[in-house]
Every structure is written in structure tokens, then in C-alpha cells.
Enquirer: 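I have a structure I would like to understand better, so I am pasting it below and will then ask my questions one at a time.
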Amino acid sequence: MAIAKELHHSSAKVKYSVRGEGTPVVLVHGFGEHGSIWEGAANSLSDYKVIIPELPGTGGSDLLPHTTMDSLAGALKQIIEAETTGNEKVILLGHSMGGYVTLAFAAAHPQLLLGFGLVHSSAAADSSEKIETRKKGIDFIRSNGGQAFLKTMLPTLYAPDSKRHHPEWIEQQIADARRFNDEALVVYYKAMMERTDRRDLLKTTNLPVLFLMGRHDGVIKIDDILPQSHLPALSYIHILEQSGHMGMIEEVEETGRVLQEFISFANGNRT
Ligand code: MLT
């Protein structure tokens with residue numbers, strides 16, 4: 001059973017949940033989704049203390065005065081400090097935008113980690129094309145509102161077969177997205193446009209790194225991520241064959257199994 005908690009970071013209220021006991025595992029959600037996106041996968045992690053934040057601006061957590069991937073990572077640090085004792089280290093896994101935050105955290109606080117993972121995420125900064133697309137997205141949100149934006153955007157995250165056979169997954173995510181305000185969505189887009197390229201971190205880290213990709217992901221394409229997955233000294237690489245960008249929904253059991261395997265590996269890799 002998950003316990004709901006909150007703390008204050010940079011004068012913002014930040015919510016998160018905690019369940020179970022054992023090595024702490026932090027699951028960071030992506031853009032346009034809440035911590036609840038991890039519910040199904042978290043069920044496979046009953047041997048661990050699973051911490052699921054609501055990033056500032058999402059799910060009842062206030063926006064920070066200035067949102068960057070680094071400032072969001074600062075909020076995670078405070079949660080981790082509140083939930084760990086002594087020299088206890090954590091495993092940090094982030095979905096998409098949550099992966100960008102994970103990388104910012106790993107760059108700033110590697111000593112707090114046993115390993116980290118990119119779930120449908122990338123260490124590269126936005127390309128100039130992506131920045132243009134995001135600018136159009138921001139204009140769309142300003143003219144039509146965040147709900148209309150997410151209603152158009154969220155279905156593109158799923159594999160064609162998922163859309164065909166499980167429209168209820170998308171409907172659920174669109175329903176959950178009603179809780180977003182337009183400002184948070186714009187702030188996240190700007191923060192993603194400005195984020196640092198972290199491929200150098202992948203080259204130098206001695207922590208194990210998970211790369212979990214979706215065969216049909218149109219947002220974070222496997223052809224772009226496979227070259228990154230060769231950069232760390234210790235990578236754990238898996239492709240979800242039936243998934244787009246949302247493996248924790250589209251292949252929940254397989255995602256849970258892979259996370260569990262990586263965590264167990266990273267946990268045994270303590271130095
Ligand atoms: C996400 O799922 O967090 C976003 O689609 C990531 C992105 O737009 O780069």
C-alpha cells in the first residue's frame with residue numbers, strides 16, 4: 001500500500017508516494033503524465049522501497065519558481081534525502097522527460113546512485129527541428145489550451161496496435177491529463193528545449209545504465225538511442241517489441257520484469 005507524502009522545495013509543495021521496503025527505487029514520470037503512470041510496473045517491484053514523485057507542476061506538486069531539468073532534479077534530491085538514511089544509495093529510473101531529469105540528477109549527484117535508467121528517453125539535447133516543433137506546441141497550447149494539446153499529442157505516444165486494440169489506455173491518459181494547467185505544460189516544454197546534452201555523462205559514468213526502448217516509439221526512436229546505449233561502460237539494453245513510447249502501459253509486465261532485472265543487477269553491483 002502506497003503512502004502519500006509531501007515536502008517543500010524552493011518554497012514549492014512537492015508530492016510523492018512511497019511503498020515497500022528495501023533498496024530505494026525512484027520512478028520519475030514524463031511530460032503530460034502523473035506518477036500513477038508507474039502503478040502497474042511498480043507492482044513488479046515489491047522487493048524494493050518504491051518512491052514515485054509528482055514532478056513540480058504535476059499532480060498537486062507546485063511549479064518551481066524556475067523550472068529546468070536541474071531544478072527538477074533538485075526536488076528529487078530532497079525527496080531522496082528525506083527517504084534514505086546514512087549512505088544509502090538509490091536507483092533512479094525516468095520515463096522520457098523523467099529521463100532527462102534523471103540524467104541531470106546523475107550528472108550532479110552520482111554518489112547517491114547505484115544505477116540509473118532511461119525508459120523511452122534520450123541523453124541528446126533537442127535538435128533544431130524538435131525545438132521548432134516544441135515552439136509550435138507552445139503556440140498551440142496558448143491558442144487552444146493544454147487539454148486540446150494533450151488530446152492531440154497523447155495518442156501519438158502509442159504503437160499502432162495499442163491504439164487499435166486498447167483505446168481505453170489512451171482515454172485514461174487523456175482523462176488524467178485534465179488535471180494539468182497550461183502554464184506547467186509550457187514551462188516543461190521550455191525546460192526540455194533548453195536542456196543540456198548529456199551524452200558525455202554516458203561516456204564517463206561508471207554506474208550501470210538501463211536503456212529501455214519501444215520498437216514503435218515515434219518520439220524517442222530506437223535508431224537514435226542504440227548508439228547512445230554503447231556509450232556507458234555498463235549498459236543494460238532492452239527493446240520492447242510491442243510498444244511505442246509507453247512501455248509501462250503497453251507492455252506492463254515485460255517492463256516490470258526488465259526494471260526488476262536491472263535493479264537487481266545494479267543492486268548487486270555496489271562498490
Ligand atoms: C515525454 O514523454 O516526457 C515527452 O514526450 C518527452 C519529449 O517531448 O521529449
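Counting starts at 1 for both ligands and their atoms, in listed order. For reference, positions follow the sequence shown, starting with 1. Keep in mind that this is a model prediction, so the values were computed, not measured.
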Enquirer: Return the option from Y188, Y100, F31 holding the heavy atom at the smallest distance from atom 9 (O) of ligand 1.
Expert: Y100
Enquirer: I need the F262 CZ to I91 CD1 distance, nearest 0.5 Å.
Expert: 6.5 Å
Enquirer: For a side-chain hydrogen bond (donor to acceptor under 3.5 Å, both in side chains) with Y158, tell me which candidate from H166, K163, Q173, R164 qualifies.
Expert: Q173
Enquirer: Is it true that R134 lies under 4.0 Å from ligand 1, counting heavy atoms only?
Expert: yes
Enquirer: Is there a heavy atom of H245 sitting under 4.0 angstrom from any atom of ligand 1?
Expert: yes
Enquirer: Just to be sure I read this right, does ligand 1 sit under 4.0 Å from the backbone of H120, its side chain, both, or neither, counting only heavy atoms?
Expert: neither
Enquirer: Between L64 and S10, which heavy-atom pair has the shortest distance, and what is it?
Expert: CD2-CB, 4.3 Å
Enquirer: When you measure from the side chain of S122 to the backbone of I220, do you find a donor-acceptor pair of N or O atoms at a distance under 3.5 Å?
Expert: no
Enquirer: Assess the pair F149 and F180: is the distance between their ring centroids shorter than 6.0 Å?
Expert: no
Enquirer: Is it the side chain (CB and beyond), the backbone, both or neither of M192 that lies under 4.0 Å from ligand 1, heavy atoms counted?
Expert: side chain
Enquirer: Can you tell which of K130, K136, K135 makes a salt bridge (Lys or Arg N to Asp or Glu O under 4.0 Å) with E132?
Expert: K135
Enquirer: Report yes if M97 has an N/O atom closer than 3.5 Å to an N/O atom of ligand 1; otherwise report no.
Expert: yes
Enquirer: Below 4.0 Å from ligand 1: does a non-hydrogen atom of Y189 turn up there or not?
Expert: no
Enquirer: To which protein heavy atom is atom 4 (C) of ligand 1 closest, and what is the distance rounded to 0.1 Å?
Expert: S96 OG, 3.3 Å
Enquirer: Looking at E250 and M246, would you say the former's side chain and the latter's main chain have a donor-acceptor pair under 3.5 Å?
Expert: yes
Enquirer: Number the atoms of ligand 1 from 1 as they appear, then name those within less than 4.0 Å of a heavy atom of G30, with their elements.
Expert: 3 (O)
